[in-house]
Amino acid sequence: MKAAIAFVLLVLLVVFHDDLSKIVAPAWNWVNNIGRNPNYRTYKTFNIRIPVNYKIHGIDVSSYQGRIDWQKVKNMKEDSVHISFAFIKATEGTERVDPYFERNWRDGQNAGITCGAYHFFWPEKSGKLQAAFFLENVKLKKGNLPVTVDVEQLNGVPPAKMREELKAFLKEIEIKTKTKPIIYTVLKFYQDNLLGHFDNYTLWIAHYYEPTLKEGKTTSWKFWQHSDAAKINGISSRVDFDVFSGDSLAFKKLLVR
């Protein structure tokens with residue numbers, strides 16, 4: 001069936017040339033997804049499958065991605081999918097600043113992408129000191145995504161101790177920025193260590209290669225990191241790909257005022 005439809009598309013392309021070019025790519029995407037899960041479409045350009053029913057897409061980056069051409073990131077599009085936001089690694093623990101943060105923070109925003117900065121949390125260190133270190137290195141402004149804390153390991157400390165320091169980090173950030181932070185974590189760590197303790201915070205959960213986020217019905221998650229293998233123009237290495245659960249009004253309401 002795919003071969004037959006492809007032949008018809010080819011004939012139409014020959015006949016109508018440029019007039020048909022705007023519909024051939026979407027049509028071929030439809031053909032390519034025949035017989036597959038309708039909630040999980042393949043996007044050739046991004047080299048990944050993307051859950052449907054989400055309108056706002058983004059990425060998250062760190063020094064691992066090297067130097068990024070943010071204008072190419074901004075201009076990339078397949079059907080209606082394009083990069084609207086980016087979470088950018090800023091700091092880690094109490095002493096590490098991502099070497100590409102300043103460049104990414106400046107160039108990402110200059111390209112017109114809504115940016116947020118994140119901190120990689122060390123549970124064995126003071127949460128308050130980590131918050132202070134982050135704020136020394138990141139200057140937020142109106143329209144940025146809220147501060148995000150990446151917590152996904154215990155590093156040998158009891159879960160209760162991790163939660164105590166995480167609460168201290170979140171409290172300090174909220175006091176100083178007047179905006180409630182976002183918590184990023186992986187699904188299993190969330191289920192084992194965070195579930196029921198931080199339900200009043202916006203959650204960003206990593207859960208890869210699935211058409212749905214299986215914890216979705218019992219959490220208040222707003223961001224879902226559904227792939228770690230996207231191909232993005234302007235970036236030489238694989239990239240995490242994310243979606244926002246909500247419309248553009250809900251997204252804007254979340255931003256720093």
Side-chain angles (χ1 to χ4, degrees), residues 58-74 83 85-157 161-186 189 201-204 206 223 225 228 230 232 234-242 254-256:
I59 59 175
D60 53 279
V61 301
S62 68
S63 58
Y64 175 78
Q65 277 73 39
R67 186 166 183 169
I68 296 172
D69 186 329
W70 284 96
Q71 198 57 57
K72 288 184 178 179
V73 173
K74 175 66 175 177
I83 306 303
F85 65 87
F87 288 103
I88 300 170
K89 185 177 181 181
T91 53
E92 182 174 338
T94 56
E95 57 188 37
R96 296 183 185 178
V97 179
D98 188 284
Y100 280 84
F101 171 69
E102 186 175 348
R103 179 191 296 275
N104 286 332
W105 190 239
R106 179 193 66 231
D107 292 353
Q109 293 182 84
N110 287 343
I113 293 173
T114 300
C115 292
Y118 76 88
H119 173 81
F120 190 87
F121 189 74
W122 288 358
E124 71 275 24
K125 299 290 185 180
S126 163
K128 187 172 183 178
L129 289 180
Q130 290 186 71
F133 178 64
F134 175 91
L135 293 171
E136 286 175 4
N137 290 280
V138 181
K139 305 305 176 187
L140 297 177
K141 66 180 183 181
K142 181 180 178 180
N144 289 148
L145 285 160
V147 174
T148 298
V149 57
D150 176 345
V151 53
E152 52 187 279
Q153 57 191 30
L154 291 173
N155 287 359
V157 305
K161 175 63 175 174
M162 175 275 295
R163 289 191 290 267
E164 177 185 340
E165 297 303 339
L166 179 57
K167 287 177 182 178
F169 179 96
L170 295 168
K171 181 179 179 181
E172 185 71 7
I173 291 293
E174 188 168 358
I175 289 173
K176 295 297 173 60
T177 68
K178 312 301 183 188
T179 303
K180 190 178 287 289
I182 297 170
I183 298 175
Y184 166 90
T185 190
V186 298
F189 190 89
Y201 286 91
T202 298
L203 294 175
W204 170 22
F223 293 93
Q225 186 185 83
D228 62 351
I232 305 295
I235 305 179
S236 59
S237 64
R238 297 189 308 171
V239 186
D240 298 331
F241 209 86
D242 309 272
L254 188 65
L255 304 180
V256 174

Trace of the side-chain contact (heavy atoms from CB on, under 4.5 Å) decision for Glu165 with Phe121: CA-CA 9 Å; Glu165 297 303 339; Phe121 189 74; 3.7 Å; yes
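- Annotation: the span from Ser63 atom OG to Arg103 atom CZ amounts to 12.5 Å, rounded to 0.5 Å.
- Once rounded to the nearest 0.5 Å, the distance linking CD1 of Ile59 with CD1 of Ile83 reads 5.5 Å.
- The shortest side-chain heavy-atom distance between Glu152 and Phe120 falls under the 4.5 Å cut-off.
- For the pair Leu254 and Pro146, the tightest heavy-atom approach, listed with the atom from each and the gap, is O-CG, 3.3 Å.
- Among Asn104, Asp98, Ile232, Val73, the single residue meeting the side-chain contact (heavy atoms from CB on, under 4.5 Å) criterion with Val61 is Asn104.
- Closest non-hydrogen pair, Asn137 versus Phe101, comes out as O-CE2, 3.6 Å.
- Partners of Tyr184 under the side-chain hydrogen bond (donor to acceptor under 3.5 Å, both in side chains) rule, at least two apart in sequence or in another chain, are Gln225.
- Residue Lys128 qualifies as open at atom NZ: its count of foreign heavy atoms under 6.0 Å is 12 or below.
- Checking side-chain atoms of Gln109 against main-chain N and O of Trp105 turns up a donor-acceptor pair under 3.5 Å.
- A parallel orientation is assigned to the rings of Phe169 and His119, their planes being inclined by less than 30° (bins at 30° and 60°).
- Atom OG of residue Ser237 and atom CD1 of residue Ile68 lie 7.5 Å apart, to the nearest 0.5 angstrom.
- Salt-bridge formation is not detected for the pair Glu102/Arg106: no Lys NZ or Arg NE/NH1/NH2 atom is positioned less than 4.0 Å from an Asp or Glu carboxylate oxygen.
- Across Arg67, Lys72, Gln65, a single residue satisfies side-chain contact (heavy atoms from CB on, under 4.5 Å) together with Ile235, and that is Gln65.
- The two residues Phe133 and Gly93 have their closest heavy-atom pair at CD2-O, 3.6 Å.
- Here OG1 of Thr114 is found 10.0 Å from CZ of Phe87. Values are rounded to the nearest 0.5 Å.
- Rounded to the nearest 0.5 angstrom, Phe189 CZ and Leu154 CG are separated by 4.5 Å.
- For Leu255 against Gly143, the heavy-atom pair with the smallest separation is CD1-O, 3.7 Å.
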Assess the residue pair Thr185 and Leu203 against the criterion (side-chain contact (heavy atoms from CB on, under 4.5 Å)); give the C-alpha distance rounded to whole Å, side-chain angles, the decisive distance to 0.1 Å, and a yes or no. CA-CA 8 Å; Thr185 190; Leu203 294 175; 5.6 Å; no
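- Nearest approach of Asn155 to Pro123, heavy atoms of both residues: ND2-CD, 3.8 Å.
- The minimum heavy-atom distance linking Lys74 with Ile113 is given by the pair CD-CG1, 3.9 Å.
- Atom CZ of residue Phe223 and atom CG of residue Leu145 lie 5.0 Å apart, to the nearest 0.5 angstrom.
- Judged by distance alone, the side chain of Gln130 and the main-chain N or O of Trp122 form a donor-acceptor pair under 3.5 Å.
- With a 4.5 Å cut-off on side-chain heavy atoms, Glu174 and Tyr201 count as touching.
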